[in-house]
Every structure is written in C-alpha cells, then in structure tokens.
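Input: a single structure, listed below in structure tokens.
Any value given below was found using the heavy atoms of this structure, including those in side chains, with hydrogens, waters and symmetry copies removed. Note that ligands are numbered from 1 as they come in the structure, with each ligand's atoms numbered from 1 the same way. Remember, it's a predicted structure, so these values are computed and weren't measured experimentally.
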Amino acid sequence: MKDKKSYYVTTPIYYPSADFHIGHCYTTIIADAIARYKRCSGFDVFYLTGTDEHGEKIQKKALEAGVSPQEYVDKIVSNAKDLWKSLNISYDKFIRTTDKEHVECVQEIFKKLYDKGDIYKGEYKGLYCTPCESFWTNTQLVDGKCPDCGRDVNEVSEEAYFFKLSKYQDRLVKYYDEHPDFIEPESRKNEMINNFIKPGLEDLCVSRTSFDWGIPVTFDDKHVVYVWLDALSNYISALGYLSEDDSKFKKYWPADLHIVGKEIVRFHTIVWPIMLMALDLPLPKKVFGHGWLVIDGGKISKSLGNYKDPREYIGLYGVDAVRYFVLREVPFGNDGVFSEEALINRTNGDLANVLGNLVNRTIGMINKYFDGVVTDTGVSEDVDKELIDLVMSTKDIVDNKMDDLRIADALDVIFDIFRRCNKYIDETMPWVLAKDENKSDRLNQVLYNLIESIRIGTVLLQPYLPDACNSIFEQINSNDIGFDTLDRFGYYKSGNKVGKAVVLFKRIEIDKK
Ligand code: ME8
C-alpha cells in the first residue's frame, strides 16, 4: 500500500544538451517549488528528474562530434546536473535512460507487453520527424512539415514492433471521465480527446531497426526500443519497478504529479496511461501540461540567438530572481513571455522594493532603537489586528492555491504579507514613536509585529526562494522556520536579538545590465 503521506512528483527527462535555455528550467523550477512545499507540509517527497539519452538524434550528434553516443551523453549530462545545482533544484533522484537498472526494466516491460499480445511485429510505413523523434500521418502534417517543429519529415518503411494503443482506447476515455482531475488544465484534456482520441488511436511504433543507439529488444536484437516507450518507463524504473528492491515503487507509485510541457501532454496522457493499463499498474493521479516561456511570441531558440545560458542570468541577478520570475510571471497553464527587462522589473519591484526593503528597514530600526533586541510588550492597537488577521489567513489561501497548482497566485498571496507590512510601517510611523519616550513599549510592539509577520511570510516563501529565505532567517535570527510554526502569531521569541541587515536583492539599473 502507498504511504498516505508520500508525494511523488516528476519532470520530464530532458534530452541532454549543451544549450539549455530558461524555458528548459521552467518545468524543473515549478516541480522544485512544489516538492519543497510538500516537504514543508510534512510529506515524504520523492522528486525525480533526469535525462532521455537514446535515439537517432543523439546518435547523429555523437557521430558529428566523432565520439561514441555513450561518450557524448556522459559529457553533456553533467551540463544538466550543473544547471540544476545552480538553480537549487532539490531532486531526490536523477535518472539517466542509459542507467543499467533502467535498461533492464525497459527490456522487461517490452517483453511483458509482447508476451501479453499488446506488442506485435509489423511493418512501419510513415513520415518521421528526426528532431522530434515522432511519426506523423499525412493528415497531421502542417504544410507538409512536422506539426511540432515545422521541419521536413522523411518517409520511412521498416519492420517494427507496435503497441496496441487502440485496444485500450475505450478504457482510457472511461478513465478520463471517472477522473476529471487527471489532466490539467481542462483545455489540454479537450485537445487530447478532439485531436487524438476521437479520430481513433493508431497503434504506436515502439521499435526501430535503422539505428542502434537504443535499448535492444532482448528477443529480437535487430530492434532497439523506440524512444517514448523507453522514456516514459523512467517514472517507474527510477523507483525500482521489476527490480530486486522495489520498495520505493511500493511506497511512491502511483505518482501524484507529472509536470510536463504542453507539447508532450499527449505522450503522458495517452501512451503512458495505456502502458500502465497494459502492465496492470495504477495510473498517475495528475498530469499537468504547462505552457511555454516564449520570447517575442516565439520559441526560445539557439538558432535565433535570442537567449543567454540561464547561468548567466543567475550570475547577473541571483538564483532567486530567476526562480521568482519563472514562478511568478507565467500564468497558470498558459504561455509566459520572457524578457530580461521583465526579469529586472520583477526583481526590482517585488524582490528589492517590497521584500528586501521591508526586511532591511525593520532590522535597521530594531538595531537603531533597541540595540537589536525586539520585545513583545503587549501594547497593541486596532491597526495591529488588520495586519495579524491578514498574516494568519495566508497559509490556508496558499494551501488552496498550491492544491490547484496556481503557483503564481500563491506567491502573490505571500507577497500580500510583505506589502501589508510596508503599509503598516507607514501607518504606525515608528520614527515618530521613537521620539516619544513614553511610546517605547508601543514601538517595541510595532517592531515585534513586523518581525513576526516577516518570519511567517518567510516560512511560507521558502519553497520558492530557498536562498533568500535562509538569509532572512539568519538576519532575523530565528530557527522557527517550519510550517508547524504557522498556527499562531507569536512564535518569534520575545527578547531575541536580530542579526545584521544584509541587502537581499540589489536594485538593478537597466542601463547597466
Ligand atoms: O520532451 N518553455 O525533452 P525536452 C517551457 N525527452 N518549457 C519548455 C520550453 C520553453 N520554452 N522548452 C522546453 C522531452 N521546455 C522528452 C521528454 S519524458 C518521458 C520525455 C520543456 O528536453 C518541455 O516542455 O525536449 C519539456 O517539459 C521539458 O522542457 C523537456 O523537454
């Protein structure tokens, strides 16, 4: 039985590349924020990411580079790991489809499905897009080109194994009907039904003989497994499915959430559930198809030269500025526009002006008026109630937004705390209170309310901006950082001494970028 408190979240496995752009970071940052949020909420989380290393495209690139495919992928996989490290991605496992355990698992899956009669040998005649590793029918082409990338397709004909998707079509539709939350957003479900299921599912080609950089079919070694059956299996091979130690599989499967880009929703909501049905396994609870980050309405593309390596943005503006932009700027399920100027505006506005300034001012005042010691004196006024009510109502709203995967909205709600604190400073005018010795207890209380509100906001913010929040916890000198400290206003220890104020986010001058 699956442990009630476990939570399994995945990103797609990435094609290894030396040219990752900010769009590639999008899925991984969202999944990371969700994984961290669930950990903070007390779940036993398993967060999986990795690389998808087989296929003709990789084989061709290795050939061009004059190395073996294995040497080629070994070298560039480290690029993905380095990028995720620089973005503070807290994955629990990084799977590579060239891992021995994965290879063996896929071989067994293939054999199981063949023995069951769900995979059969046939002849493939079709139109193949090499960059997308996808077969298309004539009717799916757009102006004779691949509908996904717009490039030429080639006619190929070869002996191949097929997976009987058609056999499971009715069961899949029934599953969609009985599990209305399985695909989100709703619009993607309609796309799947109208574009792929209603016209009738065609059986899927699951092996190739024209290249050999893939997992060999054990009982027919001319064939290697075609990439999607190989790639999708990663979500269960990573947990030890069909291996000697399948304890993780028992604990974490079915996945709670697969987060994928909109262009691969069809593989995750048609092919993958049918594979699982054929294997008699439970289906993931949710597939969320997110939109893309676009530049000037179009693709982020190396050939267009319209992006920097994400590590350059991190170097210039800080890791949390990049994380914040990606999490905050893209509306739920839709495309979002990336521009360096928008990144700078978000950083200057929300991060430097609202959050950074608040923490800096508050700590500065506590140091200036009370030598860094802040005391809960109990001298409250009506104006405090409004602040405290807002702060204390935030956790439930954030939980609801996160349940709906509305991450940008969750962040907005958390920032309401910081915006409200800044307003509270204007309302209470600590600098005026400081001039009156009789108001010392009131001044203390105002500063206490501010520091406790900052602490609570920061506890909530840590899944999204872990580095900045660690720095705030240090500055306010508090170890009360767990979600279990959100049930009442007043965990911050009265009489505690704050640390030194440090600039969290420098304002960026646009002309100096
Ligand atoms: O599709 N904006 O790998 P991949 C947002 N190996 N997301 C983007 C993006 C953009 N501009 N560009 C890419 C694959 N992505 C397969 C997956 S899973 C069993 C196999 C996202 O490296 C894309 O939508 O092409 C996808 O979710 C992820 O990057 C990996 O894409």
Side-chain angles (χ1 to χ4, degrees), residues 9-32 48-58 61 73 76-77 79-80 83-84 87 89 94-98 102 105-106 109 129-134 146 148-149 188 204 206 214-215 225-238 255 257-273 275-276 284 287-304 306-308 310 322 325-327 329-339:
V9 55
T10 71
T11 70
I13 44 172
Y14 288 73
Y15 296 124
S17 163
D19 303 308
F20 281 122
H21 53 64
I22 190 85
H24 289 114
C25 305
Y26 182 62
T27 323
T28 320
I29 294 175
I30 301 180
D32 186 66
L48 178 73
T49 191
T51 38
D52 184 1
E53 304 181 13
H54 292 122
E56 194 173 7
K57 196 165 67 177
I58 300 272
K61 282 194 179 158
V73 291
I76 58 177
V77 156
N79 183 45
L83 178 59
W84 301 153
L87 281 166
I89 303 299
F94 188 100
I95 187 167
R96 299 182 55 182
T97 53
T98 49
H102 174 79
C105 180
V106 170
I109 289 175
C129 174
T130 306
C132 295
E133 290 172 324
S134 293
C146 169
D148 271 357
C149 73
R188 308 236 185 267
L204 180 78
V206 289
I215 298 179
V225 178
Y226 159 72
V227 288
W228 279 101
L229 194 132
D230 168 1
L232 290 162
S233 304
N234 92 87
Y235 300 128
I236 49 178
S237 74
L257 180 63
H258 291 312
I259 304 182
V260 305
K262 60 183 180 181
E263 81 285 13
I264 53 174
V265 167
R266 82 180 165 115
F267 297 104
H268 286 81
T269 58
I270 296 176
V271 180
W272 181 225
M275 276 174 68
L276 292 164
V287 176
F288 179 74
H290 65 70
W292 286 340
L293 273 182
V294 295
I295 291 183
D296 298 333
K299 270 187 86 151
I300 307 180
S301 146
K302 195 183 181 205
S303 52
L304 295 173
N306 60 6
Y307 72 94
K308 291 186 180 136
V322 174
F325 176 84
V326 164
L327 293 167
E329 192 76 14
V330 185
F332 178 68
N334 294 328
D335 288 351
V337 179
F338 176 80
S339 76

Legend entry - Mode of K262 contact toward ligand 1 - side chain, backbone, both, neither (heavy atoms, under 4.0 Å): neither
Which of the atoms in ligand 1, numbered in the order shown and given with their element, are less than 4.0 Å from a heavy-atom of [X]?
X    : value
H268 : 18 (S), 19 (C)
D52  : 6 (N), 16 (C), 20 (C)
A231 : 19 (C)
P12  : 17 (C), 18 (S), 26 (C), 27 (O)
H290 : 5 (C), 7 (N)

For [atom], the protein heavy atom that lies nearest, with its residue and separation:
atom                    : answer
atom 21 (C) of ligand 1 : T27 OG1, 3.7 Å
atom 2 (N) of ligand 1  : L293 N, 2.9 Å
atom 23 (C) of ligand 1 : E263 OE2, 3.2 Å
atom 17 (C) of ligand 1 : I13 O, 3.2 Å
atom 25 (O) of ligand 1 : Y15 CD1, 3.3 Å
atom 28 (C) of ligand 1 : Y14 CE2, 3.6 Å
atom 12 (N) of ligand 1 : H21 CE1, 3.5 Å

Would one find an N or O of [X], backbone or side chain, under 3.5 Å from an N or O of ligand 1?
X    : result
H24  : no
G23  : yes
G261 : yes

Look only at the side chain of [X] and the backbone of [Y], and say whether a donor-acceptor pair between them is shorter than 3.5 Å.
X    : Y    : result
Y14  : A80  : no
N234 : H102 : no
T10  : L48  : no

Legend entry - Ring-ring centroid check Y235 H268, cutoff 6.0 Å: yes
Inset, instruction - Decide whether the shortest distance between a heavy atom of W228 and an atom of ligand 1 is less than 4.0 Å. - result: yes
Inset, instruction - Nearest heavy atom to atom 19 (C) of ligand 1 wins, so pick from W272, Y235, W292. - result: Y235
Inset, instruction - Please state whether the rings of F267 and W228 are parallel, tilted or perpendicular, taking 30° and 60° as the class boundaries. - result: parallel
